[in-house]
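All values derive from a computational prediction rather than experimental measurement. Just so we're on the same page: letters track the sequence lines, and every chain starts at 1.
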Protein chains: 2
Amino acid sequence: MATGRTHRTATRSRGIPEATVARLPLYLRALTALSERSVPTVSSEELAAAAGVNSAKLRKDFSYLGSYGTRGVGYDVEYLVYQISRELGLTQDWPVVIVGIGNLGAALANYGGFASRGFRVAALIDADPEMAGKPVAGIPVQHTDQLEKIIDDNGVSIGVIATPAGAAQQVCERLVAAGVTSILNFAPTVLSVPDGVDVRKVDLSIELQILAFHEQRKAGEEADAQADAVLAAEAAAAEKAGKGPDGDVPAVMPA
Amino acid sequence: MATGRTHRTATRSRGIPEATVARLPLYLRALTALSERSVPTVSSEELAAAAGVNSAKLRKDFSYLGSYGTRGVGYDVEYLVYQISRELGLTQDWPVVIVGIGNLGAALANYGGFASRGFRVAALIDADPEMAGKPVAGIPVQHTDQLEKIIDDNGVSIGVIATPAGAAQQVCERLVAAGVTSILNFAPTVLSVPDGVDVRKVDLSIELQILAFHEQRKAGEEADAQADAVLAAEAAAAEKAGKGPDGDVPAVMPA
DNA sequence: CCATCTTTGTGCACGCGTTCACAAAGACAT
DNA sequence: ATGTCTTTGTGAACGCGTGCACAAAGATGG
Ligand SMILES: NC(=O)c1ccc[n+]([C@@H]2O[C@H](COP(=O)([O-])OP(=O)(O)OC[C@H]3O[C@@H](n4cnc5c(N)ncnc54)[C@H](O)[C@@H]3O)[C@@H](O)[C@H]2O)c1
Ligand SMILES: NC(=O)c1ccc[n+]([C@@H]2O[C@H](COP(=O)([O-])OP(=O)(O)OC[C@H]3O[C@@H](n4cnc5c(N)ncnc54)[C@H](O)[C@@H]3O)[C@@H](O)[C@H]2O)c1
């Protein structure tokens, strides 16, 4: 082992910050767009603007991958696309199963951007016997009975859950037992999984609620004073009354 | 508690951390489930488990809202549901428009959890003239021409973008110009908006890529050594060659 | 009224992520 | 070859978020 060889491995393989990993797909998307326009090189400033981030952050992110830029010039677009793709594991094919082919599951199955980056829909799975055999997005839906076999046969390690919330944990357990180690969950539930299994969730409702919070803050900056007085009175009354017998808790304010 | 009148306002109205805001909907969901089971009180430990977070974190989060717990007992479920709802701005009705009624937009329109928490689908908007008038989820789709009028008439401040990526920025600008100040973007693009407008994005592709990264790491912990040797050779060759004349850059592996 | 026991609310320390600011690297012109 | 000019890569400072650990609060029982 030569002297300078170890440094690279140590730099790369050891802990890329999670925040950086989450931004790599963003950079990759911007770079792909540049690549399609046959742009040969790009500066950190330009790329950062395209990805919607700070240029210093972008440079630091790239520094975790290695020194792929050229000072005074910038980054070679094609080369960087390859490096990031490789780092993210997109140079290999990832078979994915979608479980729960309802409104959302069907939309996901039809989603083109799915296959565009190394992800291949290996199977669509639903518990409804009526759906078995019916093609969605050109792929026949299979019954839940087949779940374990499908995962095993296709070497699936990534699963997408789009079932109702009530079924999600159970589906999750079957997926994990069958060998899935990464789950993307669309159902509004907290999934509990053993160590070594990654779960990411996409939750529309939570996103809207966060927006509503900021929206309320924006709207009620000046009107807050008066509203606050009313609410304080209410709250004080409620506090005094304790947990009253009937519906004294205001719950959701009617229109 | 007669003395602490001022303290409360000061504590609450000033900056709730963003990370806390993002967790409030999670707590709210867990609390709502408890409420439906008529559970009167809950400890921070129990609630934290239900929400999938650390109990100390939960207590600190709640401390930003005020002192709503009772030591030795826990938190009053109904009261807390109300306080969090109010804090998030869910005690009022938020009319929402969805723009782009394709696969995803239609799924969103059909989503029940949408209306369940103060969010009301005020209108569905699409650029396709064919779709105009057709009902989706019981709501007739309206043409993009009407966008400004719809937003104005309904006092919409939250918009959801589910159009193809190419149209997203343009749609975004029209929404903002019409008065929308919060946007939930499903299109895989970086939206640029003026100050004062909040954008949150939901990006399936990014989530999958993050999962793939961790998946690759899990799989290649021991096989890394040999693969690394090969890749190092490749990289070294590529480095030496610089940006070669033809397609020496591997780019994304074709299907 | 006092003791005990449970659970909150928070001070504190630590680690991660962000941003600034600049020295070093290298392209390019002369 | 040398100087200039651009842009990277990163050291260092800072701020935010997390989690520990515990004192204070208050319920409950005697
Ligand atoms: N539709 C949306 O836009 C949207 C948005 C956010 C979240 N979600 C969530 O995504 C999930 C799916 O939403 P949807 O609108 O598609 O619901 P849906 O009712 O249309 O579809 C659910 C599907 O899951 C299937 N299913 C039920 N139990 C199953 C099981 N045990 N195994 C396999 N399949 C099972 C059903 O047969 C059905 O086809 C829900 O949890 C919903 O809350 C949906
Ligand atoms: N389907 C999914 O599961 C999924 C997942 C993640 C992201 N996305 C993204 O969400 C977006 C929509 O996906 P989809 O599968 O529903 O696509 P789609 O093609 O089925 O639907 C797009 C709809 O937008 C409408 N539209 C186009 N331009 C418009 C404009 N300027 N104004 C108003 N409406 C316009 C079209 O008429 C069409 O009805 C895409 O950007 C996609 O990348 C989709």
Checklist entry - With sequence neighbours left out, what residues match A:Phe213 under ring-ring contact (aromatic ring centres under 6.0 Å, His included)? => result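 Partners of A:Phe213 under the ring-ring contact (aromatic ring centres under 6.0 Å, His included) test: none.
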Checklist entry - Who pairs with B:Tyr27 by ring-ring contact (aromatic ring centres under 6.0 Å, His included), at least two apart in sequence or on another chain? => result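 Result, ring-ring contact (aromatic ring centres under 6.0 Å, His included) vs B:Tyr27: B:Phe62.
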Checklist entry - Between the side chains of B:Glu78 and B:Tyr82, is a donor N or O closer than 3.5 angstrom to an acceptor N or O? => result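 No.
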Checklist entry - What residue pairs, at least two apart or across chains, pass salt bridge (Lys or Arg N to Asp or Glu O under 4.0 Å) with a residue in residues 47-75 of chain B? => result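 Every pair satisfying salt bridge (Lys or Arg N to Asp or Glu O under 4.0 Å) with a residue in residues 47-75 of chain B: B:Arg23-B:Asp61.
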Item to check | Pairs flagged by salt bridge (Lys or Arg N to Asp or Glu O under 4.0 Å) wherever residues 38-54 of chain A is involved - sequence neighbours left out | outcome: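 Qualifying pairs, neighbours excluded: none.
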Checklist entry - Are B:Tyr75 and C:dG9 close enough that a side-chain N or O sits under 4.0 Å from OP1 or OP2? => result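 So the side-chain polar atoms of B:Tyr75 do come within 4.0 Å of the phosphate oxygens OP1 or OP2 of C:dG9, strictly under.
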Next on the checklist: Holding to salt bridge (Lys or Arg N to Asp or Glu O under 4.0 Å), I want the full list of residues that pass it with A:Arg200, two or more places apart in sequence or in another chain.
Outcome noted: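 Salt bridge (Lys or Arg N to Asp or Glu O under 4.0 Å) check on A:Arg200 returns B:Glu207.
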From [atom1] of [X] over to [atom2] of [N], roughly how many Å is that when rounded to an integer?
X: B:Leu65; N: C:dT10; atom1: CG; atom2: P; result: 12 Å
X: A:Asp61; N: C:dG17; atom1: CG; atom2: P; result: 10 Å
X: A:Ile16; N: C:dG17; atom1: CD1; atom2: P; result: 12 Å
X: A:Tyr64; N: D:dG11; atom1: OH; atom2: P; result: 10 Å
X: B:Leu58; N: D:dG17; atom1: CG; atom2: P; result: 16 Å
X: A:Leu24; N: C:dG17; atom1: CG; atom2: P; result: 13 Å

Item to check | Set of side-chain hydrogen bond (donor to acceptor under 3.5 Å, both in side chains) partners for B:Thr32, sequence neighbours left out | outcome: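 In terms of side-chain hydrogen bond (donor to acceptor under 3.5 Å, both in side chains), with neighbours along the sequence ignored, B:Thr32 is linked to B:Arg117.
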Checklist entry - With B:Ser205, which residues qualify under side-chain hydrogen bond (donor to acceptor under 3.5 Å, both in side chains), at least two apart? => result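 Testing B:Ser205 for side-chain hydrogen bond (donor to acceptor under 3.5 Å, both in side chains), a comparison that skips the adjacent residues, returns B:Gln209.
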Checklist outcome for this item: Given protein heavy atoms under 4.0 Å, the one-letter contact record of nucleotides 22-30 of chain D, with B base, S sugar-phosphate only and - none, is simply --BB-S---
Next on the checklist: side chain to side chain contact (heavy atoms under 4.5 Å, CB included) for A:Ser35 and A:Leu31? Distances and angles first, verdict last.
Outcome noted: CA-CA 6 Å; A:Ser35 173; A:Leu31 284 164; over 6 Å; no
Next on the checklist: Tell me which residues in residues 42-57 of chain A lie within less than 4.0 Å of DNA chain D, going by non-hydrogen atoms.
Outcome noted: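 When residues 42-57 of chain A is checked for heavy atoms under 4.0 Å from DNA chain D, the hits, listed by number, are A:Ser43, A:Ser44.
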Checklist entry - The side chain of A:Ala19 lies closest to which of these nucleotides: C:dG9, D:dG17, C:dG17? => result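 Nearest to the side chain of A:Ala19 among the choices is C:dG17.
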Checklist entry - Any donor-acceptor pair under 3.5 Å between the side chain of A:Lys60 and the base of D:dG9? => result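 Per atom types, no contact qualifies.
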